[in-house]
Participant: 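Below is the structure I would like to discuss, written out as structure tokens.
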Amino acid sequence: MPKSKNKRRRKNNGLAAVLIVLVVCAGLVLGGIFFYNGQLKPAASESEQITFTVSQGESLNRVIKNLEDQGVIRSGWAAKISVKLAKLTNIKAGTYILDPSWEVREIFEVLNDSHGAVVNDTRLTFIEGDWAKHIAEKIGETTRCSKDEMLALWNDESYVRSLMSDYPFLTEEIFNADSRILLEGYLFPETYNFFVDADADQITRKILDQTLKVYNEFADQFAQSQLSVHQLFTLASIVQYEAAKPSDMQLVAGVFYNRLDSGMKLQSSVTVCYAIDKEKDDDWMACEVNPDFDSPYNTYRVEGLPPGPILNPGRDAIQAVLQPQASDYLYFMADVKGDGTVYYAKTYAEHQANVRKYLK
């Protein structure tokens, strides 16, 4: 074969290879652009108002991560590229009302405008162990809803029943004639942003939405437990009150399970505190010296669990009753006069020795 033909063939093969590479690269670039643009589409098809707060000094990366976590945007990395290209990185601290049906650029245009921050909202923190009356009081201090209005709603059977289809952790067991507040125990401790003029239903649902997130996180374990959902929230509330440190909660929960399984009364003094409506910052001995107080919440008198939760437990306490730590202990006590260390015992004699050593 003549050399000229070989050269032409090699040249044509080389051109074909180059063309293939160019086509592949172009396809990759176009595919990347298509994927990138897809990630910039609104995170939701339906409009929804979401309260979003940018704290003073928060970095762009943190703001974008929070937006992604709250479902306001689809993709953090795509948003970051878009924001930098559009020079919308001068984000202002404040609280904003955003909508996941907006385009990414529209969201960041709002965040770059300090005048877009909401001024008629309030931020409230409910801590683990708050009673419903404490939560209602905090709401009443900063919104148009009074403490009495919130408590009345939370104890309205018709209203609570109307919530059950949206919040599966609310069950028939809540409607116990001895329950003090029907939604006690289900008001999840968290930091919330409420509109000052929000109504009681909006406030309640925002709180229950957080409870639902935790419930869904452990839904399988709730379903597999030997206790009902209401019993689990009730036990979690007792564990929350008894164990000051999250590291103690699983073992404390295990002790209560041991007592329930052996037919013993729980004999938890914190249930007496709730029974006599004794504030936690008062003298703790007022609860300890009242084991005969006549109340369905007093677990020195009643068998098993009280009618309902005695406070609003946090995630650690809920997890503890779903994942208790096994042991042979039947008793425990906290060194309330010292550093709060919890001491456990297998027998009553051992328990009394701990009491004499740490509380006398």
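Computed from heavy atoms alone, side chains included, the values below leave out hydrogens, waters and symmetry copies.
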Participant: State whether Arg315 and Glu217 are salt-bridged, where the test is any N-O pair (Lys NZ or Arg NE/NH1/NH2 against Asp/Glu carboxylate O) under 4.0 Å.
Facilitator: yes
Participant: Roughly how far apart are Ile207 CD1 and Ile135 CD1, rounded to 0.5 Å?
Facilitator: 6.0 Å
Participant: Please report the interatomic distance CG(Asn312) to CG(Leu187), rounded to the nearest 0.5 Å.
Facilitator: 4.5 Å
Participant: So which pairs with a foot in residues 81-99 pass salt bridge (charged side-chain N to carboxylate O under 4.0 Å, His left out), sequence neighbours left out?
Facilitator: none
Participant: Under the 6.0 Å and 45° cation-pi test, does Arg180 pair with Tyr297?
Facilitator: yes
Participant: Could you point out which residue of Thr271, Val272, Thr234, Thr299 forms a side chain to side chain contact (heavy atoms under 4.5 Å, CB included) with Ile310?
Facilitator: Thr271
Participant: Look at Asp201 together with Arg205 and state whether they make a salt bridge at an N to O cut-off of under 4.0 Å.
Facilitator: yes
Participant: What distance separates Glu190 CD from Thr211 OG1, expressed to the nearest 0.5 Å?
Facilitator: 10.0 Å
Participant: Under the criterion side chain to side chain donor-acceptor pair (under 3.5 Å), which of Tyr274, Trp131, Trp154 is the partner of Glu184?
Facilitator: Tyr274
Participant: Which ILVMFWY residues can you reach from Leu330 by hopping between side chains whose heavy atoms are under 4.5 Å apart?
Facilitator: Met264, Tyr331, Tyr348
Participant: Which atoms form the tightest heavy-atom contact between Tyr300 and Asn298, and what is the distance?
Facilitator: N-OD1, 2.9 Å
Participant: Sequence neighbours excluded, which residues qualify as side-chain contact (heavy atoms from CB on, under 4.5 Å) partners of Lys346?
Facilitator: Asp328, Tyr329, Glu350
Participant: Would you say Leu124 and Thr191 make side-chain contact, with heavy atoms under 4.5 Å?
Facilitator: no
Participant: Do Lys245 and Val342 come close enough that some side-chain heavy atom pair is under 4.5 Å?
Facilitator: no
Participant: Just so I know, are the side chains of Ser327 and Leu251 near enough to count as touching, which here means a heavy-atom distance under 4.5 Å?
Facilitator: yes
Participant: Mind checking whether Phe169 and Tyr167 have parallel, tilted or perpendicular rings, split at 30° and 60°?
Facilitator: tilted
Participant: Any ion pair linking Glu109 and Arg105 (charged N to carboxylate O, less than 4.0 Å)?
Facilitator: yes
Participant: Check the hydrophobic clustering (I, L, V, M, F, W, Y; side-chain heavy atoms under 4.5 Å; chains of links allowed) and say if Met164 and Leu183 are grouped together.
Facilitator: yes
Participant: Do Leu227 and Val239 belong to the same hydrophobic cluster, where Ile, Leu, Val, Met, Phe, Trp and Tyr are linked whenever their side-chain heavy atoms lie under 4.5 Å apart, directly or via other members?
Facilitator: yes
Participant: Apply side chain to side chain contact (heavy atoms under 4.5 Å, CB included) to residues Phe188 and Glu128 and explain how you reach the verdict.
Facilitator: CA-CA 8 Å; Phe188 193 75; Glu128 291 86 349; over 6 Å; no
Participant: Give me the atom names and distance for the closest heavy-atom approach of Ser268 to Val270.
Facilitator: OG-CG2, 2.9 Å
Participant: Do NZ/NE/NH1/NH2 and the carboxylate oxygens of Glu172 and Arg161 come within less than 4.0 Å?
Facilitator: yes
Participant: Are Ile91 and Glu58 packed together at the side-chain level, in the sense that at least one heavy-atom pair is separated by less than 4.5 angstrom?
Facilitator: no
Participant: If you look only at pairs with a residue in residues 245-265, which of them pass as a ring-ring contact (aromatic ring centres under 6.0 Å, His included), with sequence neighbours excluded?
Facilitator: Phe256-Phe332
Participant: What I'd like to find out is whether the side chain of Leu67 reaches to under 4.5 Å of the side chain of Leu98, using heavy atoms alone.
Facilitator: yes
Participant: Should Lys138 and Asp130 count as side-chain neighbours, where that means a heavy-atom distance under 4.5 Å?
Facilitator: yes
Participant: Nearest heavy-atom pair of Gln240 and Gly314: which atoms, and what distance?
Facilitator: OE1-N, 2.9 Å
Participant: What residues form a side chain to side chain donor-acceptor pair (under 3.5 Å) with Ser262, not counting sequence neighbours?
Facilitator: none
Participant: For a quick test of reading the model, state the closest non-hydrogen atom pair linking Ile73 to Ala79 and the distance between them.
Facilitator: CD1-CB, 3.8 Å
Participant: Tell me, please, which residues at least two apart from Ser158 pass side-chain contact (heavy atoms from CB on, under 4.5 Å).
Facilitator: Asp156
Participant: Are the side chains of Gln231 and Glu173 in contact, using a 4.5 Å heavy-atom criterion?
Facilitator: yes
Participant: What is the ring orientation for Phe233 with Phe222, classed by angle as parallel under 30°, tilted 30 to 60°, or perpendicular over 60°?
Facilitator: parallel
Participant: Evaluate the criterion side chain to side chain contact (heavy atoms under 4.5 Å, CB included) for residue pair Val252 and Tyr344; output intermediate values, then yes/no.
Facilitator: CA-CA 9 Å; Val252 167; Tyr344 302 88; 3.7 Å; yes
Participant: Any luck finding a side-chain donor-acceptor pair between Ser295 and Arg301 under 3.5 Å?
Facilitator: no
Participant: Looking only at heavy atoms, what is the nearest atom pair of Val321 and Leu232, with distance?
Facilitator: CG2-O, 3.7 Å
Participant: Which heavy-atom pair separates Ser101 from Ser47 by the least distance, and what is that distance?
Facilitator: OG-CA, 3.6 Å
Participant: Rounded to the nearest 0.5 Å, how far apart are CD1 of Ile64 and CG of Leu111?
Facilitator: 10.0 Å
Participant: Would you say Phe175 and Ile181 are hydrophobically clustered, going by side-chain heavy atoms of ILVMFWY under 4.5 Å?
Facilitator: yes
Participant: Is there a side-chain contact between Ile203 and Cys145 (heavy atoms, below 4.5 Å)?
Facilitator: yes
Participant: For the CD atom of Gln325 and the CG atom of Asp248, what is their distance to the nearest 0.5 Å?
Facilitator: 9.5 Å
Participant: Can Leu163 be reached from Tyr215 by stepping across I, L, V, M, F, W or Y side chains whose heavy atoms are under 4.5 Å apart?
Facilitator: yes
